[in-house]
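Residue numbers start from 1 in every chain, and the chains themselves are labelled A, B, ... in the order their sequence lines are given, proteins ahead of strands.
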Amino acid sequence: MFRIHCPHCREARSEEEFSYAGEAHIPRPVDPSSLSDSEWGEYLHTRTNPRGPHREMWVHTAGCRRYFNVLRDTVSYKILAVYPVGEMPPEQGEA
Amino acid sequence: MSEPPGVVCRECPDRAFVNVRGDVGDPRLRDAVAQVAGVDLPREPGTWNQADRSRAYWLGPDEWLLVVEGDDGLEVEGRLRSALDGHFSVVDVTGTQVHKELSGPDVGKVLQKSSPYDFHPRHFPPGRCAQTVFAKATALVAAREDGAFDIVFRRSYADYFMRWLADAAAEYGYRLD
Ligand SMILES: [Zn+2]
């Protein structure tokens, strides 16, 4: 159990108020019908699954119900950054 | 002789609940709400405003819950729709919501043991509101000037919520009005 700072509510809240919403920065292909099966499968299923900093989406399900991005270390669970959807994480994010 | 109860729960009947979404930077939205409901939309996260018989709770950066007391509350949605112009959402959610008032000297302790949220008055003074988990249900909790709390939750959670409350408050003495 950890606490996450919601950038919309502007305070740290208990993890149980949130839901994990998958890896961040995976754009939906503009024209899915032009993709091969393997390209579409790549988009749907292939994830980076890093050991270390991971860029991921969270939604404040029981609070403001808004999405945001989190840079979280998958080893220590330490949250390194919280940043808005549509933006890239601050410097250490290119891990 | 029985002691006065530490926690008193009272139903707040006869109020309309309207969910409003829109751009708070747009004066047309703020003006329409002020004109129809007589209350200013709070811009500060986790706060609520009260004026006359209306309350406006911050739910998200572009979302509020309006609670309006009185017989004509069900007309609020229609009046807002007529007064609004542009990109917005107004939905009457009266049938889905229950509004209770929790008061008494031990109400803070019951909230603190029921939720991971920090309801200590240092962090949650009058004027603050928060949507959080209350045991396994979700609820909107608002701190009032008189030391009581307003709690709004979904009707489908009512049985669960009220049973939890009665159990959690039993050790302090609980009365349901
Ligand atoms: Zn939030």
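A continuous path of ILVMFWY side-chain contacts below 4.5 Å connects A:I4 to A:Y20, so both sit in one hydrophobic cluster. One hydrophobic cluster, built from ILVMFWY side chains closer than 4.5 Å, holds both B:V110 and B:M162. Under the 4.5 Å side-chain heavy-atom criterion for ILVMFWY residues, a single connected hydrophobic cluster contains both B:V76 and B:F88. Taking hydrophobic clusters as Ile, Leu, Val, Met, Phe, Trp and Tyr residues chained together by side-chain heavy-atom distances below 4.5 Å, B:L74 does not share a cluster with B:V36. By the rule that hydrophobic residues join a cluster once side-chain heavy atoms approach within less than 4.5 Å of another member, A:V30 and A:Y43 end up as members of separate clusters.
Contacts between B:A137 and chain A at a heavy-atom distance below 4.5 Å are absent for every atom of the residue.
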Distance-only donor-acceptor pairs under 3.5 Å across chain A and chain B:
from	atom 1	to	atom 2	distance (Å)
A:E11	OE1	B:Y117	OH	3.3
A:E11	OE1	B:H123	NE2	3.0
A:E11	OE2	B:Y117	OH	2.6
A:E11	OE2	B:R128	NH2	3.4
A:R13	NH1	B:Q131	O	2.9
A:E17	OE2	B:T132	OG1	2.5
A:G63	O	B:Q131	NE2	2.9
A:R65	NH1	B:Q131	OE1	3.1
A:R65	NH2	B:E63	OE2	3.2
A:R66	NH1	B:E63	OE1	3.2
A:R66	NH2	B:D62	OD1	2.4
A:R66	NH2	B:E63	OE1	3.2

